[in-house]
There are 2 protein chains.
Amino acid sequence: MNASRTARERVRAELIQEITTIARRQLATEGASGLSLRAVARDMGMVSSAIYRYFPSRDDLLTALIVDGYNAVGEVVERADAACPRDDFTGRWLAVCRAVRDWALAHPHEYALLYGSPVPGYQAPVDTIAPATRDTAVFGAIIAEAHRAGRLSPPPVCPEPPVAIAADAEAVRALMPDVSDDVVARAITIWTGLYGIVNFELFGQFDNVITHRAELFEHNMACLAAFIGLTG
Amino acid sequence: MNASRTARERVRAELIQEITTIARRQLATEGASGLSLRAVARDMGMVSSAIYRYFPSRDDLLTALIVDGYNAVGEVVERADAACPRDDFTGRWLAVCRAVRDWALAHPHEYALLYGSPVPGYQAPVDTIAPATRDTAVFGAIIAEAHRAGRLSPPPVCPEPPVAIAADAEAVRALMPDVSDDVVARAITIWTGLYGIVNFELFGQFDNVITHRAELFEHNMACLAAFIGLTG
DNA sequence: CCATCGCCAAGAGCAGTGCTCTCGGAAGTT
DNA sequence: AACTTCCGAGAGCACTGCTCTTGGCGATGG
């Protein structure tokens, strides 16, 4: 029957859920390299080989955690954006920046798994691509809507973008239609700038140098907003 | 005698050198997590326990590689800067940016060890601090000398930096005397921006999105130079 | 209702890891 | 020549990811 089969499937799904939950807890305390299938099995009162019924390899478990992580940061970013007045574009940008940083500080090991050095030998499967673009889509929407509302006027400090990046810009424009190549390039600049400063804070480059990190971050993001020409 | 003692010391130093060389080769091919003391020992025809006479733990070997890595990128940056006319500040900035990116692309695993996710449980000892600031010192010098030469005029796009970061700015000013808090904040922005884009390129965030990476990088760095007000 | 098939936990086992300990020999010191 | 120090070798511990086999339990089909 379908019912019984779904019962089987249900307990299976629940076990998978429990495995990822325990794995995420381990990831949070030990870090990615300390994630051990055997330890997860021990925590569940199972034998290590049983785990392999649900995750064929450690990398598959990592993939599940990565997908969860991208979705978590994506959701946090979407919520932060949604909580802002639609026409406060600078506010929306700052809100999503704070959301990213706060989530990163709260889940440093998960963040490192997403945006840090890739695990050697690990090739991100296609399943991770879609969740990985959730936050980026929000950024793109903010820029696109600000542009459409006429609230985007980039100050003329940048040189003209080279023609070589026109093709890439065309692809990126899927996220933010109608903006110029110059704006696309600036968007990439502030996008990488956001994650660059979060990386430096989390990965230790600010140690012994910068102490008022929240204030610096806030100011930095405001400057990047001004750099791309967000007004208000 | 001193001579014999130094003979002992010399063969010891040579062995340490050989260990780090082999370890660096392994790091380049396998990545940090694939670095194995036993494999290094095998490559040297030693038994694994003998390695511990020279490096008390795997982390100590990692530390040696990290120090070497910081010095390598520091030297590359210094050379790139030194090859430029002293008063071509924009050119110097772009040259060091390219040097960082080229080195990162040539030594991805070493770069990841320096600027990627920290190895869990690994605490960078004080020995790594000084080498880690070699590249930063070059950046600071470029900004400072441009300011002194009157060739630094930041466009007025940024809000005023908050007073909270004044203390940090004072510390950073050791690298670039006499500049304003605003310039310090912008310097941090372009500094994190440089490594942010290199991180994204190396760690896979540009995959399936950006193909003309050298051109985008070049343009991006030129924009950051304009952002901090480098003229010429 | 019974036989069958498929899923799954358990255990043993392999090859590898970091690291510790002991032992014996060689090199340097007095 | 005796002694101390250093160092390589080997065995061993606890751990890892992963594979294979075994046996049982539950769902399925006749």
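These values consider heavy atoms only, across backbone and side chains, with no hydrogens, waters or symmetry-generated copies. Here is how names work: the chains are called A, B, and so on, in the same order as the sequence lines, proteins then strands, and each is numbered from 1.
Here the side chain of A/Tyr52 is nearest to one of D/dG17, D/dA9, D/dG8, namely D/dG17. Considering only the side chain of B/Arg8, D/dT5 comes nearest among C/dA10, D/dA9, D/dT5. For A/Ser36, whose side chain is taken as the heavy atoms from C-beta onward, the closest listed nucleotide among C/dA9, D/dT16, C/dC19 is D/dT16.
Spacing between atom CE of B/Met44 and atom P of D/dA9 amounts to 10 Å, rounded to whole angstrom units. Atom OH of A/Tyr54 and atom C1' of C/dC8 are 6 Å apart (whole Å). The CZ-P distance, from B/Phe55 to C/dT20, rounds to 16 Å in whole Å. Summarising the geometry, the separation between CG on A/Leu15 and P on C/dC8 is reported as 9 Å, rounded to the nearest angstrom. As rounded to whole Å, 12 Å separates atom C1' of D/dC6 from atom CE of B/Met46. Between the CD1 atom of B/Ile16 and the P atom of D/dG8 there is a distance of 11 Å, rounded to whole Å.
Using a 4.0 Å cut-off between charged side-chain N and carboxylate O, A/Arg173 and A/Glu170 make a salt bridge. Ionic pairing of A/Arg79 and A/Asp135 is not present here: no N-O contact between side-chain nitrogen and carboxylate oxygen is shorter than 4.0 angstrom.
Ranked by how close their nearest DNA chain D nucleotide is to the 5' end, B/Ala50 and A/Ser57 are led by B/Ala50. Toward the 5' end of DNA chain C, the nearer of the two residues B/Arg42 and A/Arg12, judged by each one's closest nucleotide, is A/Arg12. Between A/Arg53 and A/Leu37, the residue anchored closer to the 5' end of DNA chain D is A/Leu37, taking for each the nucleotide with the nearest heavy atom.
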query = What do the steps show when you test B/Asp207 against B/Arg213 for salt bridge (charged side-chain N to carboxylate O under 4.0 Å, His left out), and what is the final call?
reply = CA-CA 10 Å; B/Asp207 293 359; B/Arg213 299 168 181 188; 3.5 Å; yes

Chi angles and distances behind the side chain to side chain donor-acceptor pair (under 3.5 Å) call for A/Ser33, B/Ser33 = CA-CA 8 Å; A/Ser33 67; B/Ser33 68; over 6 Å; no

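One can find a donor-acceptor pair under 3.5 Å joining the base of C/dG18 and the side-chain atoms of B/Arg38.
Here A/Arg58 reaches the OP1 or OP2 of D/dG17: one of its side-chain N or O atoms lies under 4.0 Å away.
At a threshold of 4.0 angstrom between heavy atoms, the contacts of B/Ile51 with the nucleic acid are absent. No contact: A/Leu61 has no heavy atom under 4.0 Å from any strand.
With B/Tyr70 as the aromatic partner, B/Arg134 does not meet the cation-pi criteria of under 6.0 angstrom to the ring centre and within 45 degrees of the ring axis.
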